[in-house]
Amino acid sequence: GLGEKLQAALKLLRGKGKLTEKDISLALREVRMALLAADVNLQVVRDFISAIKERAVGGEVLESLTPGQQIVKIVHEELVKLLGGTTNRLNMASKPPTVLLLVGLQGAGKTTQAGKLAQLLRKQGKFPLLVACDVYRPAAILQLETLGKKLDIPVFSLPGEMNVAEIARQGKESAMRQGRDLVIIDTAGRLHIDELLMQELKDVQKAVLPHEVLLVVDGMTGQDAVQVANSFNSALGIDGIIMTKLDGDTRGGAALSVKAVTGKPIKFIGVGEKLDALEVFHPDRMASRILG
Amino acid sequence: VITGRKFDDSLYEELEELLLLHDVGVEATAYLIAELKKQVKERKIATSDELRHLLQEIAGKTLGSKQPLRYQEDTLNVYLVVGVNGVGKTTTIGKLAERFKKGGSKVMVAAGDTFRAAASSQLQIWATRAGVALVSHADGADPAAVVFDALHAARSRHIDLLIIDTAGRLHNKSNLMQELGKIKRIIDREAPNALQEILLVIDATTGQNALVQAQEFAQIVPVSGIVLTKLDGTAKGGIVLAIAKEQKIPIKLIGIGEKLADLRDFDPQEFAAALFA
Ligand SMILES: Nc1nc2c(ncn2[C@@H]2O[C@H](COP(=O)(O)OP(=O)(O)OP(=O)(O)O)[C@@H](O)[C@H]2O)c(=O)[nH]1
Ligand SMILES: Nc1nc2c(ncn2[C@@H]2O[C@H](COP(=O)(O)OP(=O)(O)OP(=O)(O)O)[C@@H](O)[C@H]2O)c(=O)[nH]1
Ligand SMILES: [Mg+2]
Ligand SMILES: [Mg+2]
């Protein structure tokens with residue numbers, strides 16, 4: 001792994017005596033490559049390396065018998081700090097219903113995660129309503145309804161209605177009439193550069209005032225994760241992130257990218273297609289995964 | 001910003017960053033930059049404009065020549081569409097059905113995803129829009145049974161092109177990958193004379209994992225072409241350079257939107273140009 005690579009690199013350098021700052025800088029190139037290979041965004045890698053450089057060229061590394069392992073320890077600790085640090089609990093409304101709005105690119109896993117959240121939060125004592133706001137994708141409403149049926153959780157939809165903010169608004173009202181304390185809104189996948197569709201989300205936000213805007217990000221996203229997270233955050237102000245498909249073997253560096261660039265917490269990870277495959281995010285596990 | 005000025009090493013760094021930002025990956029980027037430096041010497045490249053052009057040329061060469069979808073008249077053609085979850089398989093099949101139907105072929109699609117909620121309903125809508133036949137079973141049916149029925153229906157109805165949709169599957173799930181192998185064997189057995197294309201669909205927003213996807217899917221079935229989708233976003237899909245170099249699988253098609261018409265043949269020159277635009 002990275003530890004061994006660093007040890008080897010530093011051994012070569014150390015052959016000529018005491019390790020210098022310059023030697024450490026060279027070793028940090030290995031760290032840079034490892035993070036890039038894990039899909040962490042280039043700029044985020046740069047910022048991260050310069051942030052840890054101070055520690056890396058300090059006594060704890062230079063005086064260590066295993067400087068390579070020491071660097072890995074620092075990298076791991078700093079990654080955990082970067083990935084975590086904020087509470088990743090969902091904000092619940094003081095006056096129900098709590099409204100969760102799921103947004104993100106096409107195919108990220110929003111509809112499936114909507115079902116998973118409904119199941120999880122019902123287990124925690126909530127009385128959820130799912131709202132189908134994807135009016136574009138063929139059979140999107142049926143997809144959410146199928147999940148709802150499986151869970152025995154109702155799905156609100158207005159077939160034929162193309163005003164998405166109106167569907168969201170009526171969905172929330174319906175929840176309130178039924179005494180439901182949680183509304184989970186599934187939206188259509190969209191490009192962050194699609195002005196009309198980004199405006200649609202702003203309209204939905206205005207109409208229902210979500211307590212959580214959750215950006216759903218595919219765990220295998222590459223460098224583009226930064227653009228996407230930035231755009232959604234600028235447009236809506238996201239409250240949290242859900243990284244999906246982490247049951248795959250992707251290193252998941254996009255998690256670091258989106259967290260670093262938005263400062264918003266990663267709240268959950270999707271680890272499978274079944275409706276129980278949702279886990280709370282653990283920064284230390286993610287850090288180990290990114291480092292491979 | 002690259003202009004007609006003379007260049008120094010910092011320009012190589014600039015270009016290296018550009019490649020990395022476009023998901024070309026550490027190894028393929030190192031290869032391209034090394035190749036660039038080598039050819040700069042050989043060809044006495046002097047200005048930054050020439051340098052940029054040379055890198056574009058090297059990238060284009062790495063991607064290989066334009067390789068269209070294989071299609072043969074007077075026989076059954078079978079396209080098997082595979083890939084991980086959510087990359088655009090079902091939508092791409094709608095687009096392919098549209099293209100070939102408009103081209104005068106008799107097209108049929110098979111709803112081989114019997115697992116995911118509303119998967120066959122989704123394909124049904126695309127089939128209706130494209131005006132092509134659909135073979136599907138009830139949700140939860142054995143995908144192998146759908147494929148078997150579709151192959152026989154295609155033969156008896158003298159279909160020119162059968163496109164088979166499959167469920168999204170992560171390549172590290174061995175039971176799902178084995179299921180794919182089984183589907184391929186059914187095609188071989190039930191339509192031994194059919195021309196086959198096995199299309200791996202890759203999402204342009206995917207990073208280095210796309211290379212692993214190409215490697216792993218190619219181990220299970222003979223992937224004959226890649227469809228790179230969602231190029232209408234901001235991701236450039238540079239990982240295909242690594243795939244072309246390592247796996248030698250041709251990129252055949254690109255997806256540039258969510259509508260029936262949003263499918264184009266892959267042009268290596270255009271793609272290389274877009275990378276450095
Ligand atoms: N393996 C795995 N698959 C997932 C996960 N989450 C979602 N999926 C799958 O990913 C695919 C896309 O999921 P959807 O929920 O339809 O994604 P979406 O964001 O709603 O898609 P659009 O509405 O088209 O934007 C489906 O095949 C899901 O079963 C996950 O955590 N792990
Ligand atoms: N912007 C854009 N969206 C696309 C493109 N191709 C597909 N999509 C969208 O991506 C999402 C997923 O597409 P699907 O066709 O359901 O993907 P899939 O691979 O069949 O998904 P699973 O069967 O769940 O694995 C949908 O919202 C599509 O409209 C494309 O080229 N550009
Ligand atoms: Mg959806
Ligand atoms: Mg599909």
Side-chain angles (χ1 to χ4, degrees), chain A residues 32-34 36-43 45-46 105-112 115 136-150 188-194 217-228 231 244-245 247-254 257 272-273, chain B residues 16-27 29-30 84-91 94 115-126 128-129 139 167-173 176 203-210 212-213 216 229-230 232-239 255 257-258:
Chain A
R32 171 185 138 100
M33 294 221 278
L36 284 172
D39 286 326
V40 181
N41 179 271
L42 183 60
Q43 191 53 49
V45 172
R46 270 217 196 90
L105 294 184
Q106 292 89 346
K110 298 173 292 300
T111 304
T112 310
Y136 310 103
R137 170 172 156 154
I141 297 176
L142 180 66
Q143 184 184 1
L144 192 63
E145 286 177 340
T146 305
L147 299 184
K149 214 179 245 121
K150 248 207 190 104
R190 69 205 61 219
L191 295 178
H192 49 298
I193 52 173
D194 186 326
V217 179
D218 192 320
M220 38 190 183
T221 307
Q223 297 289 310
D224 200 45
V226 159
Q227 262 91 285
V228 176
S231 303
T244 63
K245 309 178 199 172
D247 44 321
D249 58 10
T250 184
R251 296 270 289 279
S257 301
E273 294 192 75
Chain B
E16 181 194 49
E17 278 180 26
L18 189 70
L19 292 171
L20 289 170
L21 280 171
H22 288 158
D23 289 311
V24 172
V26 171
E27 288 191 27
T29 296
V84 302
N85 306 71
V87 294
K89 300 177 292 301
T90 305
T91 310
F115 170 77
R116 205 210 67 213
S120 42
S121 306
Q122 180 187 8
L123 186 62
Q124 172 70 77
I125 292 170
W126 283 119
T128 305
R129 286 180 184 177
D139 281 355
R169 69 201 66 223
L170 294 181
H171 47 278
N172 59 332
K173 312 242 160 134
L176 297 182
D203 186 326
T205 65
T206 305
Q208 299 310 297
N209 196 252
V212 184
Q213 291 170 24
E216 295 300 310
T229 60
K230 308 183 195 172
D232 47 318
T234 50
K236 300 282 175 137
I239 193 66
E258 301 187 73

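Labels below follow one simple rule: chain letters A, B, ... track the order of the sequence lines, proteins then strands, and each chain is numbered from 1.
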Pick one of side chain, backbone, both or neither for [X], based on which atoms fall under 4.5 Å of a heavy atom in chain B.
| X | result |
| --- | --- |
| A:Leu191 | side chain |
| A:Gln227 | side chain |
| A:Gln143 | both |
| A:Leu105 | side chain |
| A:Arg190 | neither |

Task: Region of B:Glu216 that comes under 4.5 Å of a non-hydrogen atom in chain A - done: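 Neither; nothing under 4.5 Å.
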
When heavy-atom pairs shorter than 4.5 Å are enumerated against chain B, which of [options] gives the highest number?
| options | result |
| --- | --- |
| A:Gly107, A:Pro138, A:Gly115 | A:Pro138 |
| A:Arg137, A:Arg251, A:Gln43, A:Met33 | A:Arg137 |
| A:Asp194, A:Thr250, A:Leu36 | A:Thr250 |

- [ ] Can you see which heavy atom on A:Asp247 is nearest to which on B:Asn172, and at what distance?
- [x]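 That would be O-ND2, 2.9 Å.
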
TODO: Indicate the atoms forming the closest heavy-atom contact of A:Asp39 with B:Gln208, along with that distance.
DONE: OD1-N, 2.9 Å

Open item on the list: Check this for me, if you would: do A:Glu273 and B:Lys173 make a salt bridge, where the nitrogen-to-carboxylate-oxygen distance has to be below 4.0 angstrom?
Closed with: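 So A:Glu273 does not pair with B:Lys173 through a salt bridge.
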
- [ ] Please confirm whether the backbone N or O of A:Ala140 pairs with a side-chain atom of B:Gln122, one donor and one acceptor, at under 3.5 Å?
- [x]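 Not at all, since once roles are kept as given, no pair shorter than 3.5 Å links the two residues.
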
Task: Heavy-atom donor-acceptor pair, B:Lys236 side chain to B:Ala204 backbone, under 3.5 Å - done: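 No; zero donor-acceptor contacts below 3.5 Å.
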
Task: Choice from B:Asp232, B:Asp203, B:Thr91, B:Val87 maximising heavy atom contacts with chain A below 4.5 Å - done: B:Asp232

- [ ] Please determine, among B:Ile125, B:Thr90, B:Thr234, the option with the most heavy-atom pairs under 4.5 Å with chain A.
- [x] B:Thr234

Task: Sub-4.5 Å side-chain heavy-atom contact between B:Leu170 and B:Leu176 - done: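 No, their side chains stay 4.5 Å or more apart.
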
Task: With A:Ala254 via side-chain contact (heavy atoms from CB on, under 4.5 Å) - residues at least two apart - done: A:Thr221, A:Ala225, A:Met243

Open item on the list: Just checking B:Glu27: does its CD atom have more than 12 heavy atoms from other residues, nucleotides or ligands closer to it than 6.0 angstrom?
Closed with: no

